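Notes follow the structure.
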Amino acid sequence: MCGIIARVGRDDAVDTLLTGLENLEYRGYDSAGIAIKNGTGLKVRKCSGEVDALKTGIDESPTGSGTIGIGHTRWSTHGPPTDENAHPHTDTTGEVAVVHNGIIENYATLKADLEAEGHEFESDTDTEVIPHLIDEYRRTTDDIETAFRRAIADLEGSYAVAAIVDSDEPGSDSPDGDSPDEEEAVYAARRGSPLVLGLGSEEWFLASDIPAFLEETNDVIYLEDGDVVVLEPEGYRITDLEGTPVSRETDTVDWDPEDAGKGEYDHYMRKEIHSQPTSLANTIEGRVADGEVDLEEFPAGAFTDVDAVQFVACGTSYHAAMYGEWLLREANVRTAVHRASEYDSSVGPIDEHTLVVAVTQSGETADTLAAVREAKARGARTVAVTNVVGSTAAREADDALYIRAGPEIGVAATKTFSSQSVTLALLTQRIAADIPDAEPIDDLDVMLESLSDLPDQVETVVETSRADELAERYLESRAFFFIGRGLGHAVALEGALKFKEITYEHAEGFTAGELKHGPLALVTEATPVFSVFTGGGDEAVQTNATEAQSRGAPIVTIAPDDHQAVGTGDAHLSIPDTHPVWAGLLANVQLQLLSYHAANELGRSIDKPRNLAKSVTVE
Ligand code: AGP
């Protein structure tokens, strides 16, 4: 899940491309590169490491200015993060440059055929077959666009590809002497990987995601699978693979460039944790009326024909989906939550009365998209609960429900977990109200009443948290365990995932009752146990925490100050008193801060943790 960008305009593209890559770096940071056309042949600069390293390289060896260019930031799938494997990749002539996000499944066959034709390969990547294919076809066709289309038609797998050609090298002798204006263009295509077109004033952008060009424009076109785009100084053309024009809607995204910046914070993750009072207020706004859930997307009666609900998701979104599943089970609705990567082998019987809810902040996670397609193929109705308007999940599912958290740049999801869980809690009550024999939560009015306090209560946690002190106190621990029951179990798993993602330390979440069935063997005085009290099953959680304490483990209670468990442990992280459904989210903010401070103490790359990327667009 790399980040690609392309730009055609009137002035120099280099800085715009580099800024775009910085804004895309949450998609992968193993290597970075750009290629510029400036009429004296392609200028390619690329290296392993982050965009900063690339900028240093360009300062030392400038590309010279050029109005047309492409760029890439990489998350390695084929070949280690080396200079050779960095994109852009070129063909043997050096006249064709390509950047790509996705996986070319038939690259080995194509590579062997091309090597037989005398093409020389320099990298281990699947992507490198594309520039060689384009070069192969431009030898036998009379124009680059056709050569590009032919090359794309040979690819199997997932791709968002952008290519430029510059044969202005003196003595370059491609057989038909491609006419220069043909080369004043970017050629691009998408299948299975995201690609958006940005409409600037006299400049056009293509990118894997909107933050890449948000500082230039927020007028966008979401490209569909099978679209081919040609960007030229005069404008852009969108066609299908055969060349037949297709029309696509233009949208204006209501994100402002500030959203894509860190503001006064050292890290996007810290900024996003602190921005939860605002993002939650946006998530809640207009969705509760007169003590009832009011979703404009799903008016009363929208779910009367539903008799079972499945949730599919990955990572943090899976933990939010557990919120939905728990609340529906409480409402006596047949429900299950599935890890999307396992869905096709665990789906069980579904039909047109099954509602499959795909939870995905990016809306681009390949495993979750595959699960949506599987569910649709089996006749189920699908809903995407996502943060990104126009994302593939939002467009492929039958309906979309947005969590409205605003752009999230930090790889570790924080504010989107809170907004997903609230959105799912509201959705479950809307569903339960429609399904015969289902009973919405009995104190729904109290739950919804206390929801309006949640943004301020999160503010209180963020402003008063002592998680930094505990992060320092337990930093040398051998492992970190998180326990809870019911909704507290989802929070324990989420707390552990956050801790693992950004500290690289051993952390695990358990349902509290499971400890004594094995994991307790791991517990020592060097393994603090963070115990989440949400108001459901707290006595049992306290018993389980005491079992760990009797093996020497330091116990950290996360509960309201007047909770009976406070004082029984070795440390305490306070949360305001609220409805059990929301208590877990307040506790989770404490765990987000704990992870953040521990990672900061350890000097970790908090926004770009090793080996990870923000949206996982490959299976
Ligand atoms: C969470 O911090 C991670 N970034 C990861 O587990 C993420 O939640 C998962 O990849 C799902 O992403 P999605 O919500 O965009 O589908």
Side-chain angles (χ1 to χ4, degrees), residues 1 3 25-29 75 193-194 208-211 267-270 272-273 276 279 311-324 337-343 356-373 382-394 396-397 400-421 423-424 490-491 493-504 507 509 588-589 591-592 594-596 599 604-619:
M1 38 266 158
E25 215 164 12
Y26 58 88
R27 302 178 61 85
Y29 24 89
W75 189 87
S193 296
S208 300
D209 203 348
I210 294 163
H267 299 99
Y268 283 108
M269 183 181 180
R270 185 83 187 265
E272 286 149 9
I273 292 172
Q276 289 179 98
S279 54
F311 296 90
V312 290
C314 304
T316 286
S317 295
Y318 177 85
H319 300 145
M322 288 172 72
Y323 243 76
V337 59
H338 296 264
R339 295 210 178 263
S341 53
E342 295 291 319
Y343 187 62
V356 174
V357 179
V359 185
T360 166
Q361 87 84 20
S362 64
E364 301 295 349
T365 299
D367 290 326
T368 307
L369 293 175
V372 170
R373 293 168 188 145
T382 55
V383 170
V385 173
T386 184
N387 191 33
V388 180
V389 177
S391 60
T392 304
E396 291 201 9
L401 182 60
Y402 296 110
I403 68 170
R404 306 173 179 163
E408 185 175 68
I409 307 291
V411 167
T414 52
K415 64 176 182 176
T416 53
F417 173 78
S418 303
S419 288
Q420 284 170 327
S421 303
T423 305
L424 288 170
V491 172
L493 292 176
E494 176 55 14
L497 176 62
K498 249 349 58 97
F499 207 90
K500 276 183 267 205
E501 278 189 275
I502 62 171
T503 70
Y504 316 155
N588 189 58
V589 175
L591 298 181
Q592 291 169 348
L594 178 81
S595 304
Y596 174 81
R604 304 296 191 224
S605 165
I606 288 172
D607 284 337
K608 294 178 266 185
R610 70 185 183 199
N611 304 342
L612 299 180
K614 183 71 184 168
S615 70
V616 184
T617 55
V618 292
E619 289 194 27

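This is a predicted model, so every value here is computed, not measured. All ligand and atom numbering here is 1-based and tracks the order in the structure.
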- Task: Quick one: list whatever passes salt bridge (charged side-chain N to carboxylate O under 4.0 Å, His left out) with K498, sequence neighbours left out.
- Result: E494, E501
- Is there a donor-acceptor pair closer than 3.5 Å between any side-chain N or O of R604 and the backbone N or O of I502? no
- Sequence-distant partners of K500, salt bridge (charged side-chain N to carboxylate O under 4.0 Å, His left out), two or more places apart: none
- Query: What residues, two or more places apart in sequence or in another chain, satisfy salt bridge (charged side-chain N to carboxylate O under 4.0 Å, His left out) together with R610?
  - Reply: none
- Item | Set of residues that line ligand 1, where lining means a heavy atom lies under 4.0 Å from it | C314, G315, T316, S317, T360, Q361, S362, T365, V411, A412, A413, K498, E501, V616
- Is the closest side-chain heavy-atom distance between V312 and V357 below 4.5 Å? no
- Between H267 and Y596, is the ring centre distance below 6.0 Å? yes
